[in-house]
**Q** 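Quick one: the structure is below, questions incoming.
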4 protein chains.
Amino acid sequence: MPKVVSEYKELARERILDSASKLFYHVGYHNTRMDDIAKSIGVTKGTLYLYFKNKEDLLIMACQRNVTLLEESLKNAIKSDFLDSFDEFFEEEMRMPDYVRFHWIFSLTEVETNNRIKEILAESYRKYVDLIAAVLEELMEKQVISATVDSVLLAQMLIAFHNGILTSMLQGLGQDESVSMFKSGIRLLLSV
Amino acid sequence: MPKVVSEYKELARERILDSASKLFYHVGYHNTRMDDIAKSIGVTKGTLYLYFKNKEDLLIMACQRNVTLLEESLKNAIKSDFLDSFDEFFEEEMRMPDYVRFHWIFSLTEVETNNRIKEILAESYRKYVDLIAAVLEELMEKQVISATVDSVLLAQMLIAFHNGILTSMLQGLGQDESVSMFKSGIRLLLSV
Amino acid sequence: MPKVVSEYKELARERILDSASKLFYHVGYHNTRMDDIAKSIGVTKGTLYLYFKNKEDLLIMACQRNVTLLEESLKNAIKSDFLDSFDEFFEEEMRMPDYVRFHWIFSLTEVETNNRIKEILAESYRKYVDLIAAVLEELMEKQVISATVDSVLLAQMLIAFHNGILTSMLQGLGQDESVSMFKSGIRLLLSV
Amino acid sequence: MPKVVSEYKELARERILDSASKLFYHVGYHNTRMDDIAKSIGVTKGTLYLYFKNKEDLLIMACQRNVTLLEESLKNAIKSDFLDSFDEFFEEEMRMPDYVRFHWIFSLTEVETNNRIKEILAESYRKYVDLIAAVLEELMEKQVISATVDSVLLAQMLIAFHNGILTSMLQGLGQDESVSMFKSGIRLLLSV
DNA sequence: GATGAATGAGCTTTCATTCAT
DNA sequence: CATGAATGAAAGCTCATTCAT
């Protein structure tokens, strides 16, 4: 019985987080009312407080969830140890909903204010660096790329380039352009 | 006489914009009270409304001002037509206060909501692309870099890389690391 | 179930409108604070906004309500087709609370500014003219009054006289004097 | 010298009062800003305070001035002791600017709040009653009208009718209709 | 679990008034 | 006499949060 309840609650939580994420992305955290979130999933304000302590908690949980979704997507794409697994990752990322893909950029706004968000993003950043650096080392071993540069620095450069493209998309860069820019960019950075 | 008045008012405007920019950056637009801005420069709330229509107007003007400051900084640094004028630009940028350097990232949050901000950032983006593409073409002519790639695409890649580094800095990347990453990254992207 | 809720809300609306009407009359619309209205019925400001969009909306609804209350009072009094049904109407009117009886005079202040108020009062004026003209025609048919004058013009004259007495009351004319002035006045105007 | 200054000041006062009256009538006392009044006569806010203690003082003085203007107009028209001197008065009144003619209706709004306004209007009311009652008595002596009714009561009825027509004009009654309604109405009330 | 009426602190904005020049 | 920059008290309104049902 508690299992069932728990599953139901988990489902409800997910629905709230998903809808909140969309709203936070599309109209901004501060422009989103608890009422808007509630209405968007057909419940009333009070219900949200059964699942989340307060609005900030909801933001943090949404941030955490989107970070996790993206990380899982990366891990899946990156399992092949070839260069184009990066391409696959980016294409996979492009398939994710915008409010998941871009959430971190908007969460950055809260970084100076909210320590929990800062930690989540920083930890995620570290994970990405580690993961990609490991892949790069494999590629170096297999001599797909040359081993002259520090793999961590290279990973950081790839991430920066990737993140930069996403910000450009927010300023109007098209998706196809982004994909091709990503592909040729990382090859230049890896001197392939 | 009116000239004097106008100078005084212009100065007052500048002080408000500068202080507002700092606060918008450090605690966020929505977390900044008109009262905070007023107090930070030793006046009262009412005074702000002598210079700006409302809070949103203040945000837009601050955004515009920071964009302009950055653009001027770029134009000055980029006047020499050698490759390391890019380095100079980035170093110059690092010397600017954080609330000017990073303002656009935080303004992105308002992009989905505020059309005026969107226009300002989009126009600035276009200017940068044009300016850098022009420099790149000069460098191609002088055969400092090879002329095989489209200069606009290359410019967009450089900008993306640059912007990505800034986002990484917000996630904890140090300033020295950023500078060296920028220098080596653009050389890789330009295949120099 | 929704019926019950709706009844409760309807009741709450009525209480707000009634108390707001009183305050608007006694201290003036612009001198009445939302806080005052709220406190007068033992709720807080926020509650008012659950029932009315804003202060102006509250004014318009109060105006509408008072117009309706007066109109109903007129219709009831006027059902007998004798001359003294006018007397009954005026006496009935005197029994209504001052803030209902005089509201229209105070609403006139907003007429130049607020189109909705203007429409409400203008429509009410037309209704009164029609209603009274119809009664006058009946009285003419029954030869209670002579049929030499235009019934609409006569109705307008009666209304003007009636309204004028109300303004005099605001300038200090006593209620008993008003009643007797009304009774003899309309008889003079109708040449009875 | 002081005479000249005083004349100048008197002129300035008049200009302010006149312009303030217009604005109070056309947009309402509470919707009129000191700034609006100042701008309307090409000075700055501060100047108003050289001539009037505060905004309320300005209202009271404006009210007083308009009352006086109307009273003088009445006295001039009424000097002939024939019945149609009433007609002349009304026609004269129609020639005055609306913001003088209607000011008292709008001042009524402040009656419940502002004792000074209340006194001014009450005193004016008394003056009118006395003046008209005196005229009526002359007319009774000359047997222009029958002497069966109390002249004061009759005066009050005439005033009420007159005031009522003005309120009707605010609700849309045309000027020509008003004049003819006035003329026939007072003849009915006086049984002439 | 869910509701939704009520709260009240806190925000942006307005504007009559002052006063150094 | 006149200015106009500055004030600050006070207003309307919002919305995250609570809690009796």
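Chain identifiers are assigned alphabetically (A, B, ...) following the order of the sequence lines, protein sequences preceding nucleic acid strands; residue numbering begins at 1 within each chain.
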**Q** In whole angstrom, give the distance that lies between atom CG of A/Leu48 and atom C1' of F/dT17.
**A**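 So the CG-C1' distance, A/Leu48 to F/dT17, works out to 11 Å.
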**Q** Roughly, in whole Å, what's the span from CE in D/Met34 to C1' in F/dT3?
**A**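 Taking atom C1' of F/dT3 as the reference, CE of D/Met34 is at 15 Å.
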**Q** Grab the NE2-C1' distance between A/His30 and F/dT14 for me, whole Å please.
**A** 15 Å
**Q** Can you work out whether B/Val43 or C/Tyr49 has the more 5'-proximal nearest nucleotide on DNA chain F?
**A**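 By nearest-heavy-atom nucleotide position, the 5'-most residue is B/Val43.
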**Q** Rounded to the nearest angstrom, tell me the gap between atom CG in B/Leu50 and atom P in F/dG8.
**A** 13 Å
**Q** Between F/dA11 atom P and C/Arg33 atom CZ, what is the distance in whole Å?
**A** 5 Å
**Q** Nearest whole Å is fine: how far is F/dA2 C1' from D/Phe52 CZ?
**A**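 The distance from CZ of D/Phe52 to C1' of F/dA2 comes to 16 Å, rounded to the nearest Å.
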**Q** It should be established whether C/Thr47 places a side-chain nitrogen or oxygen under 4.0 Å from OP1 or OP2 of nucleotide E/dA5.
**A**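 Answer is no, no contact under 4.0 Å.
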**Q** How long is the line joining CG of B/Asp36 and P of E/dC11, in whole Å?
**A**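 Rounded to whole Å, this separation is 8 Å.
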**Q** Nearest of E/dT13, F/dG4, E/dT17 to any side-chain atom of D/Lys55?
**A**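 From the listed options, E/dT17 comes nearest.
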**Q** When both hydrogen-bonding distances must be under 3.5 Å and the geometry is Watson-Crick or G-U wobble, what is E/dC15 paired with, if anything?
**A**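 Paired with F/dG8.
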**Q** Could you check whether C/Tyr51 gets within reach of a base, just the sugar-phosphate, or nothing at all, counting any heavy atom under 4.0 Å?
**A**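 Sugar-phosphate contact only.
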**Q** Give C/Asp35 one of three labels, base, sugar-phosphate or nothing, depending on what nucleic acid heavy atoms sit under 4.0 Å from its own.
**A**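 Contact class for C/Asp35: none.
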**Q** Does a side-chain N or O of C/Tyr8 approach OP1 or OP2 of E/dA6 to a distance below 4.0 Å, or not?
**A**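 For E/dA6, OP1/OP2 do have a side-chain N/O of C/Tyr8 under 4.0 Å.
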**Q** For C/Tyr29, is the NZ or CZ atom of C/Lys55 found under 6.0 angstrom from the centre of its six-membered ring and inside 45 degrees of the ring axis?
**A**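 So C/Lys55 does make the cation-pi contact.
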**Q** Both distances below 3.5 Å, Watson-Crick or wobble geometry, any strand: find the nucleotide opposite E/dT21.
**A**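 Pairing partner: F/dA2.
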**Q** Would you say F/dT7 has OP1 or OP2 under 4.0 Å from some side-chain N or O of B/Thr44?
**A**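 For F/dT7, OP1/OP2 do have a side-chain N/O of B/Thr44 under 4.0 Å.
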**Q** Would you call D/Arg65 and D/Glu14 a salt bridge, using N to O less than 4.0 angstrom?
**A** yes
**Q** To the nearest 0.5 Å, what is the distance between CZ on A/Arg116 and SG on A/Cys63?
**A**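 The distance works out to 9.0 Å.
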**Q** Please tell me whether D/Tyr99 and D/Asp18 have a donor and an acceptor in their side chains that are separated by less than 3.5 angstrom.
**A** yes
**Q** Looking at E/dG10, does its base get a donor-acceptor pair with the side chain of C/Lys45 below 3.5 Å?
**A** yes
**Q** Using atom types as modelled and distance alone, determine if a side-chain donor or acceptor of B/Ser40 lies under 3.5 Å from a backbone N or O of B/Ile37.
**A** yes
**Q** Atom CG of B/Asp57 to atom C1' of E/dT13: distance rounded to whole Å?
**A**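 That distance rounds to 14 Å.
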